[in-house]
Protein chains: 2
Amino acid sequence: MTKTLKAEDKIKEAARSLFIEKGYEATRTRDIAEKSGINLALLNYYFKSKSQLFEMIMLETFQHFMKGVLSTLNDPNTSLTEKLEQFVDSYIDMLMSQPNLPYFIIGELKNKPGHLLEIIQQKETILQSVFFQQLRAKMPDTSPQASMQILVNLTSLTIFPFLAKPMIKGISHMSDPEFKKMMLERKKLIPKWIKMILDN
Amino acid sequence: MTKTLKAEDKIKEAARSLFIEKGYEATRTRDIAEKSGINLALLNYYFKSKSQLFEMIMLETFQHFMKGVLSTLNDPNTSLTEKLEQFVDSYIDMLMSQPNLPYFIIGELKNKPGHLLEIIQQKETILQSVFFQQLRAKMPDTSPQASMQILVNLTSLTIFPFLAKPMIKGISHMSDPEFKKMMLERKKLIPKWIKMILDN
DNA sequence: GTCTATATTCCGATAGAC
DNA sequence: GTCTATCGGAATATAGAC
């Protein structure tokens, strides 16, 4: 499978892995070439420059990320409670298997806010998602900003612990398995907490 | 005030500002020299190398950060509720005036987990803080891990929105003042939410 | 399309005058 | 202590053979 990739795709996969792991500045084109098993010159042949290769990968990664978010938040066949549970469950699984992804997205979104706004704002999909409709129906008396606060809470409680993993482990003297156990426990707790906030 | 700094301190201040803004890899020693108004050679004269300068700044910054956390969490004269309110209030103020700080701390803690554990673990101060004692007194029937979950929630709800600021603004079409207003509103909301979780 | 060899730019660090 | 000038290496990018 991986062996049958064309050179162009081999480069892209190696670059994606390295950019996500180490960031743009710390990634060397030589390392991308070596990891992909192809020659350094081919990188420039196919992608013109390191920065253009990075741009392409960042856009793809971010679009894939947003697509994943929306697939859960836009499901018309699940209740609000089910969406909360699915969101937390699938995101915690994803973050456990790809721990560097949030650093990458958060970090790059800081450096290049402009580019990605276009993707976020395309058709205003999140604000108009089924999730948001269900949220507003549940909180009819509050301001529109109130449902945004709920989404911020949901993502904060889910994603931030993975960003703060080194600090959490240091403060509480946790091992890796203990940290994992704590995050699995949050799968049940976060939806419960969000519902408490909603029902306040 | 700033004008009377010695060359050594001018370099350090410029370096701190640039490292926090752009990270280690993206910061050029030439930029540090230019920003501090001194010569590039002096950087190596005083600090030997870019990496040693960075090490020093990171340690100082992180120690200062931890000191701030502890000064609130360790106050014997405030109740648990007051600590929650003070923590959120002072951290949101801090994050509004130093928006790049969390990126720096989170990012560098990922790259060099080893160094900083020593600082975090010094005397195990957070686990033994007054805040934690008050937390455990409030939740006597739960596991020790449960109070750690509360601290994770508190920091997640407070810090993550600033890391995700570009995404939040993009999704909800917020201006900078509107984002600021949203964060000020969270000053009241977060302590309320945490107390709800505690009283569940 | 793919490689080798090389050009070019950039950056951290230092030598040496003052 | 501070500066000018420069070194030496590393990293990106390209030229040109195959």
Side-chain angles (χ1 to χ4, degrees), chain A residues 1-61 100 103-104 107-108 110-112 115, chain B residues 1-61 100 103-104 107-108 110-112 115:
Chain A
M1 215 39 174
T2 315
K3 280 238 163 190
T4 63
L5 284 178
K6 290 175 186 171
E8 187 174 355
D9 294 321
K10 287 192 206 169
I11 297 171
K12 223 157 95 175
E13 281 319 301
R16 184 192 318 278
S17 152
L18 286 170
F19 280 142
I20 289 179
E21 178 191 344
K22 303 155 77 105
Y24 177 75
E25 297 282 348
T27 296
R28 306 295 155 215
T29 53
R30 279 175 172 76
D31 297 336
I32 298 176
E34 191 188 355
K35 178 156 191 168
S36 59
I38 56 87
N39 191 274
L40 171 58
L42 282 203
L43 190 151
N44 296 79
Y45 175 75
Y46 282 117
F47 301 98
K48 182 67 186 169
S49 73
K50 178 190 177 185
S51 62
Q52 281 189 233
L53 172 57
F54 179 76
E55 188 80 6
M56 177 176 307
I57 286 173
M58 199 181 57
L59 281 176
E60 286 183 8
T61 303
N100 285 321
Y103 292 99
F104 178 76
E108 294 307 328
K110 170 201 168 205
N111 296 333
K112 349 232 175 184
H115 299 169
Chain B
M1 215 37 172
T2 313
K3 280 237 165 191
T4 63
L5 285 177
K6 291 174 185 173
E8 187 174 355
D9 294 321
K10 286 193 206 167
I11 297 171
K12 221 158 98 175
E13 282 319 301
R16 186 191 318 279
S17 152
L18 286 170
F19 281 141
I20 290 179
E21 178 191 344
K22 303 157 76 107
Y24 177 75
E25 297 282 349
T27 297
R28 309 292 156 217
T29 53
R30 279 172 171 79
D31 296 336
I32 297 175
E34 191 188 356
K35 178 155 191 168
S36 60
I38 56 86
N39 191 274
L40 171 59
L42 282 204
L43 189 152
N44 296 81
Y45 174 76
Y46 282 117
F47 301 98
K48 183 66 185 171
S49 72
K50 177 190 177 185
S51 62
Q52 279 188 234
L53 173 57
F54 179 76
E55 190 79 6
M56 175 177 308
I57 286 173
M58 200 181 56
L59 281 176
E60 285 182 10
T61 303
N100 285 323
Y103 292 99
F104 178 76
E108 294 306 330
K110 171 201 168 206
N111 297 333
K112 349 231 175 187
H115 300 169

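Within every chain, numbering begins at 1; the chains are lettered A, B, ... in the order of the sequence lines, protein sequences first and strands thereafter.
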**Prompt:** Would you say the side-chain atoms of Lys50(A) pair up with the backbone N or O of Tyr24(A), donor to acceptor, closer than 3.5 Å?
**Reply:** yes
**Item:** Nearest-Å distance for atom pair CD/P, residues Glu8(A) and dT2(C)
**Value:** 9 Å
**Message:** If I take atom CD1 in residue Ile11(A) and atom C1' in nucleotide dT2(C), what distance separates them, rounded to the nearest angstrom?
**Reply:** 10 Å
**Request:** Under the salt bridge (Lys or Arg N to Asp or Glu O under 4.0 Å) rule, what do Lys12(B) and Glu60(B) come out as? Steps first, then yes or no, please.
**Result:** CA-CA 11 Å; Lys12(B) 221 158 98 175; Glu60(B) 285 182 10; 2.9 Å; yes
**Prompt:** Using a cut-off of 4.0 Å on non-hydrogen atoms, how would the nucleic acid contact of Tyr46(B) be classed: base, sugar-phosphate, or nothing?
**Reply:** sugar-phosphate
**Item:** Spacing between Leu18(A) atom CG and dA11(D) atom C1', to the nearest angstrom
**Value:** 15 Å
**Prompt:** Looking for any heavy atom pair under 4.0 Å, which part of the strands does Thr27(B) touch: base, sugar-phosphate only, or nothing?
**Reply:** sugar-phosphate
**Request:** May I ask you to decide whether Arg28(B) forms a salt bridge with Glu25(A), counting only side-chain N to carboxylate O separations under 4.0 Å?
**Result:** yes
**Message:** Is the distance between the ring centroids of Phe19(A) and Phe104(A) under 6.0 Å?
**Reply:** no
**Message:** Of the listed nucleotides (dC3(D), dT6(D), dT2(C)), which one gets closest to any side-chain atom of Arg30(B)?
**Reply:** dT6(D)
**Prompt:** Among dT14(C), dT2(D), dA13(D), which nucleotide sits nearest the side chain of Ala7(B)?
**Reply:** dT2(D)
**Asked** When you measure from the side chain of Ala41(A), which nucleotide among dA15(C), dT14(D), dA13(C) comes out closest?
**Response** dT14(D)
**Asked** What is the distance, rounded to the nearest whole Å, between atom CD of Glu34(B) and atom P of dT4(D)?
**Response** 13 Å
**Asked** Can you find a side chain N or O atom of Thr29(B) that sits less than 4.0 Å from OP1 or OP2 on dG12(C)?
**Response** yes
**Message:** Before you tell me yes or no, could you show the steps for Lys6(B) and Glu13(B) under salt bridge (Lys or Arg N to Asp or Glu O under 4.0 Å), namely the whole-Å CA-CA distance, both residues' side-chain angles and the distance that decides it to 0.1 Å?
**Reply:** CA-CA 11 Å; Lys6(B) 291 174 185 173; Glu13(B) 282 319 301; over 6 Å; no
**Item:** Side chain of Asn44(B) (C-beta onward), nearest among dC3(D), dC3(C), dA13(C)
**Value:** dA13(C)
**Fill in**
Whole-Å distance, Leu5(A) CG to dT2(C) P, equals 13 Å
**Prompt:** With a non-hydrogen cut-off below 4.0 angstrom, is Leu40(B) in contact with a base, only sugar-phosphate, or nothing?
**Reply:** base
**Request:** Round to a whole Å and report the spacing from CG of Leu43(A) to P of dT2(C).
**Result:** 13 Å
**Message:** Distance check needed: dA11(D) C1' versus Leu53(A) CG, whole Å only.
**Reply:** 15 Å
**Asked** So which nucleotide from dA13(C), dT2(D), dC3(D) ends up closest to the side chain of Tyr45(B)?
**Response** dT2(D)
**Message:** Between P on dT14(D) and CD on Gln52(A), what's the gap in Å once rounded to a whole number?
**Reply:** 10 Å
**Request:** Would you kindly compare Asn39(A) and Arg28(A) by the position of their nearest DNA chain D nucleotide and give the one closer to the 5′ end?
**Result:** Arg28(A)
